[in-house]
2 protein chains.
Amino acid sequence: MTRKYEEIERCDCDVIHEDVVYEVKKKMPREETLYDLAELFKVFGDSTRIKILWALEEAEMCVCDIAFLLNMTQSAISHQLRVLKQAKLVRSRKEGKIVYYSLSDDHVRQIFDQGLSHINEG
Amino acid sequence: MTRKYEEIERCDCDVIHEDVVYEVKKKMPREETLYDLAELFKVFGDSTRIKILWALEEAEMCVCDIAFLLNMTQSAISHQLRVLKQAKLVRSRKEGKIVYYSLSDDHVRQIFDQGLSHINEG
DNA sequence: ATAATATATGAATATTCATTCAAATGTTCA
DNA sequence: TGAACATTTGAATGAATATTCATATATTAT
């Protein structure tokens with residue numbers, strides 16, 4: 001067979017609808033964009049972080065509060081807050097020795113809502 | 001200190017804003033709901049699956065087509081399609097020995113859009 | 001029936017990652 | 001200054017999982 005994509009090496013099977021694939025390939029976003037998107041959703045893909053985000057949607061809280069709410073160690077919460085902060089989903093504010101966390105924007109609620117409506121239709 | 005939640009054992013620090021935490025706790029969804037939500041986002045949290053979903057948004061395709069498009073083995077794609085199908089994000093249709101996959105609903109696009117708008121604001 | 005092809009599947013491997021534990025940092029207060 | 005406390009951080013451990021490889025299943029054509 002002849003292939004339009006001659007650089008392809010890892011694929012071990014014949015393409016069946018080459019023209020369709022070719023059109024789809026042209027419309028795909030940049031590799032990097034798709035990677036970033038996956039990285040963002042990976043952050044949402046952990047129930048501890050989901051709980052933290054959901055909680056912060058209700059109120060600003062400090063690390064101890066969240067640890068207490070979720071019945072987890074303060075260290076575990078702190079590690080997860082760092083992940084959330086790196087993803088720019090939460091921001092922090094320091095007041096003395098206490099660090100308050102809150103959501104950094106309102107996408108979280110909208111992403112949750114879309115996810116929930118998918119779940120609730122199954 | 002006295003705690004309203006006496007069953008809590010794993011938390012190793014004092015709660016600071018007990019009333020806030022108490023109110024937040026009342027508003028939290030069921031544990032199972034939050035778990036399911038995390039499981040759903042976990043499915044989105046892999047760039048191979050993101051690529052598959054994005055591709056299927058453009059056109060229905062068979063396993064070979066997708067493997068060819070993404071330059072991956074047919075086996076790897078098949079494994080990931082199973083994950084997507086279990087999450088009810090894709091559905092399949094068999095025509096002879098060829099299995100065609102497509103998106104099962106339109107939440108995928110909306111979830112992508114929310115994710116992208118978060119990324120593009122950073 | 002046999003060959004060829006499309007897909008699925010199970011085991012193995014390698015990597016990623018959530019939590020724990022111990023220790024460090026930074027802040028308040030006596 | 002030193003004790004107490006809130007938080008952070010780094011290393012270690014164990015669990016989850018993406019891909020590969022080999023093989024199985026199913027369908028079509030000869």
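Every chain is numbered from 1 and lettered A, B, ... according to where its sequence line falls, protein lines coming before strand lines.
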Inset, instruction - Answer yes or no: does a side-chain N or O of B/Tyr101 lie under 4.0 Å from OP1 or OP2 of C/dA8? - result: yes
Inset, instruction - On the 0 to 90° scale, with breaks at 30° and 60°, tag the A/His118-B/His107 ring pair as parallel, tilted or perpendicular. - result: perpendicular
Inset, instruction - Please determine, by modelled atom types, if B/His17 and A/Tyr100 share a side-chain donor-acceptor pair under 3.5 angstrom. - result: yes
Legend entry - Whole angstrom value for the distance that separates P of C/dA18 from CG of A/Leu84: 10 Å
Inset, instruction - Examine D/dT7: is either OP1 or OP2 under 4.0 Å from a nitrogen or oxygen in the side chain of A/Ser78? Give yes or no. - result: no
Legend entry - A/Met61 CE to D/dA6 C1', straight-line distance once rounded to whole Å: 16 Å
Legend entry - Nucleotide nearest A/Val99 (side chain, heavy atoms from C-beta), chosen from C/dT19, C/dA6, D/dT7: D/dT7
Inset, instruction - Cation-pi check, B/Arg49 to B/Trp54: give yes when NZ or CZ is under 6.0 Å from the six-membered ring centre and within 45° of the ring axis, no otherwise. - result: no
Inset, instruction - Take atom NZ of A/Lys97 and atom C1' of C/dT28, then tell me their distance rounded to the nearest Å. - result: 5 Å
Inset, instruction - Check whether any side-chain nitrogen or oxygen of B/Thr48 sits under 4.0 Å from OP1 or OP2 of D/dT19, and answer yes or no. - result: yes
Legend entry - Residue met sooner reading DNA chain D from 5', once A/Arg82 and B/Glu95 are mapped to nucleotides: A/Arg82
Inset, instruction - Verify the contact: side-chain N or O of B/Gln74 to OP1 or OP2 of C/dA8, cut-off strictly under 4.0 Å; return yes or no. - result: no
Inset, instruction - Mark this stacking check for B/His79 against C/dT9 as yes or no, applying ring centres under 5.5 Å and ring planes under 30°. - result: yes
